[in-house]
Amino acid sequence: MSAPVAGQRRVRRSAAVGVPLALLTAIAVTGTALGAPADAKRPGGTARVTATATLGDIPLGTFSNRLLPGTVRNDRGVDLGGIGSDLYPAGRKGEFWTVTDRGPNGQIKVAGKKRRTFPVPGFDPAIVRIRVTGQAVKVIDALPVTTRSGKPVTGLPNQEGRDEAPYSYDATKPLPYDPNGLDTEGIVRADDGSFWLADEYEPSLVHVSARGKVLKRYVPRGLKLRGADYPVVEALPGVLLHRKVNRGFEGLAQLPGGDLVMAVQSPLSLPDEEAGERSRTVRLLRFSPSRQAVTAEYAYRFDPVGVVDPGEDDTSELKTSSVVAVGRDRLLVQERTDKAARLHLVRLDRRANILGKRWDDVATRPSLEELDDPGASGVPVLRKRLVVDLGRLKGVPGKIEGVARVDRRTLALINDNDFGMTDGPEAFDKNGRLVDSGVETTVTYVRLPKTL
């Protein structure tokens, strides 16, 4: 969780309850560099923050029940948040598509073991269109993500034994699993108006209609997900079944021509969790919507954790949360911890495709994730060049998860404020109401020193 930012929340909840959404939102080849980094000369280089804007308070129950009446009976004082999972240009200046994640969640230790809590289990992930106006972020449209029959997908875990067990806000009562549940993290919009979403749970790639209905969910081979109220297709490499728990797909990009690139958030747990925790190698996959198939897979190598986040020494804190297309085969790839982030430029070289090679065989030893130097072992790791170190820029909040390209020298960033939640029993008061962290959802514009 990110540390609270200074300042008070500007809109009182009592003033917003019952207000229509429209009025409500008006309130508020081997890892070598491709070239010298843009910010090599001095901290931050000439990159700079040019503007920031903040989302005002919108009660989560009011927001959710406006989209799907009766889904949230008690929002426990939680405001709309979590829309910082990703950011995608909506076609008009200052407007973006975003997506919430699975909803408010936390962790509480019981008898020495962590339990995953869902304080608002009726919450339904939503696609949210925002407009940045001056210093304010306003919600101008929202679509609930629903099943084939129009019911909420929910954000609850899918399968016992594979996903974390869900519990009530105080970790005392087990909640049911939901095979429809999605932890939506990445979003792009296709030319036909439909959306593609990246799901962190299984992991999966989800095709959603322009009205928010799930058309198809693509999952790893061998997952055997049963009971979902939408088509489920096992079309992704089976090696993805070894994703770290709740560290599936997080980044999603759309290349010119329509192909998609999904980024696994963390190294796979191959052959075991310990290997994944130590590894700095993650996988990117290229998916063809027309062929409904993965056509390429790439190995991407994180920098050492102390380079990404000076002072941090836990390699497992490294993640990728955003990938952004900046050309026919070029991507910005984010490397981050919860406190710092860096953006690198990579080219998806056809010679670096490892799809179907021995690195997709779970019996391979050492596994791709176990290799200290994948390049020396013959793995064609994507080459990269540092574009900007966001951790060195004054005014960039923590936990940046969404990045969008505004123009050839400007990026928009959005943070995940975790719905104002923190971990532990202190997250809620004696009446079961949220003790808000004070972290706001913020859109930050960054001007780069060079054209992408």
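Annotation for P119 and M421: closest pair CG-SD, 3.7 Å, computed over non-hydrogen atoms. D124 and T154 make their closest contact through OD1-N, 3.2 Å (heavy atoms, listed as atom of the first residue, atom of the second, distance). T320 approaches F302 most closely through the heavy-atom pair N-CZ, 3.8 Å. Here the closest non-hydrogen pair linking A296 and N353 is CA-OD1, 3.4 Å. Between V381 and R301, the shortest heavy-atom distance links the atoms CG1-CB, 3.7 Å. Minimum interatomic distance between S322 and G402 (heavy atoms only, all atoms of both residues): OG-C, 4.2 Å.
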What do the steps show when you test E335 against R342 for salt bridge (charged side-chain N to carboxylate O under 4.0 Å, His left out), and what is the final call?
CA-CA 5 Å; E335 300 181 23; R342 288 152 60 97; 5.3 Å; no

Decide salt bridge (charged side-chain N to carboxylate O under 4.0 Å, His left out) for K384 and D303; before the verdict, give the C-alpha distance in whole Å, the side-chain angles of both, and the deciding distance to 0.1 Å.
CA-CA 10 Å; K384 65 183 186 181; D303 286 336; 3.0 Å; yes

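Note on R278 versus E370: no salt bridge recorded, every NZ/NE/NH1/NH2 to OD/OE distance being 4.0 Å or above. Under the 4.0 Å criterion applied to side-chain N and carboxylate O atoms, D418 and K399 are assigned as salt-bridge partners. A salt bridge does not link E297 to R286: none of the charged side-chain nitrogens sits closer than 4.0 Å to a carboxylate oxygen. A salt bridge between R221 and E234 is absent, with no side-chain N of the basic residue lying under 4.0 Å from a carboxylate O of the acidic one. One finds no salt bridge joining D349 and R347 here, because no Lys/Arg side-chain nitrogen approaches an Asp/Glu carboxylate oxygen to under 4.0 Å. We find that E369 and R280 are not joined by a salt bridge, their nearest charged nitrogen and carboxylate oxygen being 4.0 Å or further apart. One finds no salt bridge joining R350 and D329 here, because no Lys/Arg side-chain nitrogen approaches an Asp/Glu carboxylate oxygen to under 4.0 Å. Using a cut-off of 4.0 Å between Lys/Arg side-chain N and Asp/Glu carboxylate O, D361 and R358 are scored as not salt-bridged.
T172 meets the side chain to side chain donor-acceptor pair (under 3.5 Å) test with D170; sequence neighbours excluded. Take H242 and apply the ring pair (Phe, Tyr, Trp, His ring centres under 6.0 Å) test, not counting sequence neighbours, and it matches no residue. Applying the salt bridge (charged side-chain N to carboxylate O under 4.0 Å, His left out) test to D183 and every residue at least two apart in sequence or in another chain returns R102. Among residues two or more places apart in sequence or in another chain, the side chain to side chain donor-acceptor pair (under 3.5 Å) test is passed with R211 by none. Taking the side chain to side chain donor-acceptor pair (under 3.5 Å) definition, one finds that D314 meets it with S316, sequence neighbours left out. For K339, there are no salt bridge (charged side-chain N to carboxylate O under 4.0 Å, His left out) partners, not counting sequence neighbours. Judged as a ring pair (Phe, Tyr, Trp, His ring centres under 6.0 Å), and not counting sequence neighbours, Y201 has no contacts. Here T410 pairs with D407, R447 under the side chain to side chain donor-acceptor pair (under 3.5 Å) rule; sequence neighbours left out. Annotation: side-chain contact (heavy atoms from CB on, under 4.5 Å) contacts of D229 (sequence neighbours excluded): T147, R148, S149, N180. Under the rule for a ring pair (Phe, Tyr, Trp, His ring centres under 6.0 Å), the partners of F419 that lie at least two apart in sequence or sit in another chain are F123. Residues meeting the salt bridge (charged side-chain N to carboxylate O under 4.0 Å, His left out) test with R116, sequence neighbours left out: E164. By the salt bridge (charged side-chain N to carboxylate O under 4.0 Å, His left out) test, D199 pairs with R217, sequence neighbours left out.
Looking only at atom types and distance, the side chain of T444 has no donor-acceptor partner in the side chain of T442 under 3.5 Å away. There is a side-chain donor-acceptor pair under 3.5 Å between Y218 and Q292.
Using a distance-only test at 3.5 Å, with no hydrogens or angles considered, no donor-acceptor pair links the side chain of T50 to the main chain of V446. At least one donor-acceptor pair closer than 3.5 Å links the side chain of D163 to the backbone N or O of Q159. A donor-acceptor distance shorter than 3.5 angstrom exists from the side chain of D360 to the backbone of G356, with no hydrogens or angles considered.
Going from atom CD of E202 over to atom CG of N246 covers 10.0 Å, rounded to the nearest 0.5 Å. How far CG of L175 is from OH of Y169: 12.5 Å, rounded to the nearest 0.5 Å.
In the displayed structure, R409 atom CZ is contacted under 6.0 Å by more than 12 heavy atoms of other residues, nucleotides or ligands.
Remark: of the listed residues E250, E185, E401, E200, E250 is the sole one forming a side-chain hydrogen bond (donor to acceptor under 3.5 Å, both in side chains) with S321.
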